[in-house]
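To keep things clear, I will list the structure first and then write my remarks on it.
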Amino acid sequence: MNEKDVLRAKFSKDPKRYYEVNLFTREGFIRKQCSNCGRFFWTLNQDRELCPEPPCQQYDFLGNPPTNRRFDYVDTWREIENFFVKNGHTSIKRYPVVCRWRPDLFFTVASIISFQRIEGGEVVFDMPANPLIIPQTCLRFNDIQNVGISGKHYSSFGMIGQHSILDGAGYWKDRCIDLDFELLTGPFGIRPEEVIFTEDVWVGFGAFGYSLEYNVRGLELGNAVFTEFKGTPSNYNIMQEKVIDMGAGLERFAWITQGTPTSYDSVFGPVMKQLIARSNLEYDQEFYLKYARIAGMFNIDEIPNIDTAKTHAAKKLKVSKEYLKNQTSGLEALYALADHARTLVFAIADGGLPSNVGGGYNLRVILRRALSFLDKFKWDISLEEVANWHIDYLKEIYPELEEHRDDVSTILHVEKQRYQNTLERTSKIVRNITKNKKSQSIDELIQLYDSEGITPDMLKKQGLQIEVPSDFYTKVTERHMMEKKDKERPKFDTDKLPPTRLLFYENQHLFEFTGTIVKIINGEYIILDQTAFYPRSGGQEPDHGFIGGSEVMDVEKYGNVVLHKVKGKQLAEGQQIRCTINVERRETLARHHTATHLVNGAAQKVLGSWVWQHSAYKDIDKARLDITHFAHLTDNEISKIESLANNAIRLNLPVKTEILTRSKAEQKYGFRLYQGGVVPTRDLRVLNISGWDVEACGGTHTSMTGDVGFIKILKSERIQDGIERIEFVGGEPALKHIQMRENILKEISETVESPQNKVVTVVTDLKRTNDILRKKQKQLIKELVYYEVPVMLKKAIEIKGLKVCVSKKEGLGEEYHVPVGDQAISTQPHLIYCGISLLEKSVRIFIFSGDEAQKNGVRANVIARNIAITLGGSGGGDSRFGQGGGNRITRINKLEDSLKNIISLHIKRE
RNA sequence: GGGCCGGUAGUUCAGUGGUAGAAUAUCCGACUUGCACUCGGAAGGUCGGGGGUUCAAAUCCCCCCCGGUCCA
């Protein structure tokens, strides 16, 4: 039994305490245990023996919905929203699907996530209203294989979040279930005896509780979690303020009112109509409904693969497997296409970019999956069109999608291009492989998949005979198992110390202050009661300066205290001491920090709304900003960003800060606030440069943008897929940089002896001349060979019937000896050519041995190696051509004689 | 966040320390002469960049740039 089962058993032992809500006693619900799976459930129907969930019960609403009215997706939400608002709830706009407020999640996976923040390693609940209702779009990528097939799985779905904190304004479980029951039986007109509640539990990050899941005709519609405990099931406390986390599927509510074969038909209404029309897909609707009834019973999580499930279904329907596949595969692809496109619309609108790392990887996977469906079925539909149909339909609930319509198209287009390039590349690689070999080893298969993205299936399709082990993907995963190294931070016991008062937030221009030394650790870390020293944080390097006569080398925040690392004179605890901050350093850092915000704002304006700050770093000599963007920045874009940022400086805008509670700040400015990442505090310091940038920021800044002076972008580079780094300088360092470049230019212009404005022409010319000279040299040596060879042959001496000639050249190397020697032995098979090159620190030897010479035992490589050994080096080659050398230059005088000796020794005349 | 693969002639790629190659495209010539084909020849390279090891580096080591790709 897993943790969840143990917990469920525990809570079900005491139903009165946990599960028996008001509604049950008032309306006469009976508690029963499922005779099949053993779970407990509450129902008005005395005769019911089975719990209401598949596989214990099958879908009874397909073609036969239990509601009195039919709603489409949008109207379903309107109906639910109206109901809860009438009952005292505030309707909240959805939060972004890209979850920037939780460091442990890429995407918002449940409505409650929107209101969870991490504070000091603990989850806290932070709701802008109480109670509230929210149509939270959630992204989940763990069931992609089932999307389009099961009829109910999605990569993104709307979670109706009904949330309440029991703190006076909110309510607890009785009212929650009353409301949910009333929603079903009232506005949706479902008969009370059709509503069944099942006992369940829920364990989340740092909190858990018991829950009542409600089902109608086999379909789970929602799950009301009563989050009462903080911690883990083995170690917990009862929460001060208990939280209602009721999450219901908007998709399922819409589905149950319509009773269509799949929920996709109900949810994607107009989009599905367009898709079916444009794809000219024909299928038997009657048959599909019958199939859907069976497919709905599949518990896809537990079925090894879809193929066997379909075989099963075909048997039951008494048709062939092929017929079933024909009838279903096209439609399933259309459903998946609709789902994937919708997910991409939300993700991209919220600033997510497909890439090969992080959450972007999930987005790229579904994007390519969608494109591959379009390819496979050769439908003349573009992903951009599908995205636009979704926006047309959904903008009524989610008007923000309309604002990002063009961005979505832009990014989908870029990604399609990339996908096509990859396809071409892949088929080329596969072609190469198939050319050389018919089979591949398992290691080679893994290598191909891991580094090129080529799956064994793709190879099989190309006619390769390969065997794929069943643990193939496990083996791939194993390759990625690596030890994780944690950066060690020195440990200090600072828990009992009072928090350091941060003076730089009270006055940014306080550069001198008096503090009391609270503690000194290891003789070098000083903790003061208050400090104006800014510690390293938010990518900003720390202040330097003096505490008394001791120099401050580093400042870091440790919990709630600030540690100053000092060098120099001894200080004593309890001492009151005068502190001064290096003003120039601080102001440079402040200028760079404000400049970062300006560059960020400019980049968003120049490139597009998908640009977010990924990370940033501000030092005194330069600063850098990493932004999310799908392509390499062009020179033109960089200069536009630079101009725009400098424009903001000239406008001399005020740099304002205000402290807001987190939820107020989020409501007022949106999640653009979290450019620099999550801020783990209840109150946010919001930095606002009107019209340019608003973000949560704890750094020190200039008062006006004009104080930055001047921004110069140095370079941009791609640090990973989807992230561009912009490196720049501001203020004094910017000027210094320009001056440095000026000096370089001056130096070049002096070296090439031309005015600065002609330098480019002159250097271009120099390079061209150089190229021409190199070619000419080659040509000349070729000509030289023609004249040199006869001269060389005349000088040759005879040893044991063979000819030997030695040619010594200073400075000239293989470019001379190789063609000369080559030519010489090709005309004179009895010749042994010995080239000697005298270089600065070494000697090189080139030996060519003619055909006849070789036959008489003179092997060029052997000669070369032997002579090279006397030079303190080594050599090699083949019997025709050998080379070697060494660095004992002093041996050069004896070299010619030794050569003759060695050759003479090797000649074996018969 | 953690990995892996690749970068050589205009193009597609061989090349595991010893003279940088093939195919194709290009140009010239021959055969034909309407195109095509065939044959012969030529030209085309800072082997992504920099540093190191070595007598010698496309090849080995380090750093960087560019492209691709997998996993969580």
Side-chain angles (χ1 to χ4, degrees), chain A residues 103-106 141-142 355-362 364-365 368 418-419 421-429 431-433 435-436 443-455 472-487 614-615 631-632 715-721 723 725 767 770-771 773-775 778-779 781 813-823 825-826 833 835-848 860-861 864-865 867-889 891:
Chain A
D104 54 333
L105 291 172
F106 290 129
F141 294 99
N142 44 359
S355 78
N356 61 13
V357 286
Y361 183 66
N362 298 119
R364 184 167 281 167
V365 166
R368 293 191 172 184
R418 224 167 245 172
Y419 170 74
N421 290 343
T422 303
L423 276 189
E424 275 169 36
R425 218 188 96 262
T426 304
S427 72
K428 216 188 295 174
I429 292 172
R431 236 182 296 133
N432 268 334
I433 292 166
K435 206 166 55 186
N436 298 331
D443 279 350
E444 284 170 317
L445 289 180
I446 292 173
Q447 170 80 1
L448 269 173
Y449 175 63
D450 204 14
S451 47
E452 311 278 2
I454 296 168
T455 62
F472 179 78
Y473 288 94
T474 323
K475 282 196 167 153
V476 171
T477 316
E478 271 170 22
R479 277 177 66 136
H480 297 274
M481 300 288 192
M482 281 274 170
E483 271 183 64
K484 270 198 175 177
K485 279 182 237 158
D486 275 334
K487 255 197 199 165
H614 176 261
S615 59
H632 211 35
K715 63 170 184 179
S716 82
E717 57 182 338
R718 203 186 72 147
I719 59 164
Q720 63 177 228
D721 195 14
I723 296 176
R725 171 166 295 173
K767 189 177 157 28
N770 188 38
D771 286 349
L773 278 176
R774 239 192 9 241
K775 271 178 207 164
K778 225 173 164 182
Q779 186 67 33
I781 286 176
E814 63 178 65
E815 70 278 12
Y816 170 83
H817 286 301
V818 169
V820 170
D822 202 26
Q823 176 69 23
I825 62 157
S826 72
Y833 176 90
I836 300 171
S837 283
L838 246 168
L839 303 169
E840 265 179 61
K841 286 178 186 166
S842 60
V843 182
R844 293 199 64 187
I845 309 290
F846 302 89
I847 310 289
F848 280 91
N861 52 339
R865 186 176 312 120
I867 195 72
I869 286 165
T870 71
L871 288 164
S874 183
D878 55 31
S879 71
R880 186 180 158 276
F881 171 62
Q883 50 181 311
N887 46 20
R888 288 191 200 151
I889 305 180
R891 296 280 173 98

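Order of the sequence lines fixes the chain letters, A, B, ..., with proteins taken first and strands second; residue numbering starts at 1 for each chain.
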Chi angles and distances behind the side-chain contact (heavy atoms from CB on, under 4.5 Å) call for Val818(A), Phe881(A): CA-CA 9 Å; Val818(A) 169; Phe881(A) 171 62; 4.0 Å; yes
Nucleotide opposite G1(B) in a Watson-Crick or G-U pair, distances under 3.5 Å: C71(B)
Touch class at under 4.0 angstrom, heavy-atom based, for Gly358(A) against every strand present: base
Paired nucleotide for C39(B) [Watson-Crick or G-U wobble; both distances under 3.5 Å]: G29(B)
U8(B) versus G48(B) - spacing of their P atoms, nearest Å: 6 Å
Rounded distance in Å between the C1' positions of C27(B) and C65(B): 35 Å
Comparing Gly884(A) and Val818(A) on RNA chain B - which has the more 5′ nearest nucleotide: Val818(A)
Residue pair Arg891(A) / Leu871(A): nearest heavy atoms and the distance that separates them: CB-CD2, 3.9 Å
Gap between atoms CG and C1', on Asn861(A) and U19(B) respectively (whole Å): 14 Å
Complementary nucleotide for G6(B) - Watson-Crick or wobble, under 3.5 Å: C66(B)
Taking every non-hydrogen atom, the tightest pair across Ile889(A) and Leu839(A): CD1-O, 4.4 Å
Interatomic distance at P, C35(B) relative to G45(B), whole Å: 32 Å
Nucleotides 58-68 of chain B: protein proximity per nucleotide (B base, S sugar-phosphate only, - neither; heavy atom, under 4.0 Å): -------SSSB
Whole-angstrom distance between G18(B) and C60(B), as gauged at atom P: 11 Å
Ile836(A) CD1 - C55(B) P separation (whole Å): 18 Å
Between C55(B) (C1') and Phe846(A) (CZ): distance, integer Å: 9 Å
Arg418(A) versus Asp721(A), closest heavy-atom pair with distance: NH1-OD1, 4.0 Å
Who pairs with A22(B) - Watson-Crick or G-U, where each distance is under 3.5 Å: U12(B)
Value in whole Å for how far the C1' atom of A72(B) lies from CG of Asn142(A): 13 Å
Residue Glu814(A), side-chain atoms from C-beta onward, closest of C55(B), A20(B), C70(B): A20(B)
Interatomic spacing from OH in Tyr419(A) to CD in Glu424(A) - rounded to 0.5 Å: 11.5 Å
Whole-Å P distance, U16(B) and G7(B): 13 Å
Protein-nucleotide distance (Leu839(A), atom CG; U54(B), atom C1'), rounded to Å: 14 Å
Nearest atoms (heavy-atom pairs only) where Ala864(A) meets Gly884(A): CB-N, 4.3 Å
Euclidean distance, Arg844(A) CZ relative to Ile836(A) CD1, rounded to 0.5 Å: 13.0 Å
Selected nucleotide, minimal atom distance to Arg844(A) side chain, candidates A72(B), A56(B), U19(B): A56(B)
Nearest-Å distance once atom C1' is located in both A42(B) and G6(B): 33 Å
5' priority, RNA chain B, between Val357(A) and Arg880(A) [closest heavy atom]: Val357(A)
Closest contact, heavy atoms only, Ala868(A) versus Gly875(A): CB-N, 4.2 Å
Euclidean distance for P, U11(B) against A20(B) (whole angstrom): 22 Å
Integer-rounded Å distance: A72(B) P and Phe141(A) CZ: 13 Å
Distance between P atoms of A9(B) and G15(B) (Å, rounded): 15 Å
Pair partner, C47(B) [Watson-Crick or wobble, under 3.5 Å]: none
Closest nucleotide among G1(B), A56(B), U19(B) to the His614(A) side chain: G1(B)
Nearest-angstrom distance from the residue atom CD of Gln883(A) to P of A57(B): 10 Å
Options U19(B), C55(B), U69(B), nucleotide nearest the side-chain atoms of Arg364(A): U69(B)
Asn362(A) side chain to Phe141(A) backbone, donor-acceptor under 3.5 Å: no
Atom pair distance, as rounded to whole Å: CD in Glu424(A) and P in G6(B): 22 Å
Closest nucleotide among C70(B), A56(B), U19(B) to the Tyr449(A) side chain: C70(B)
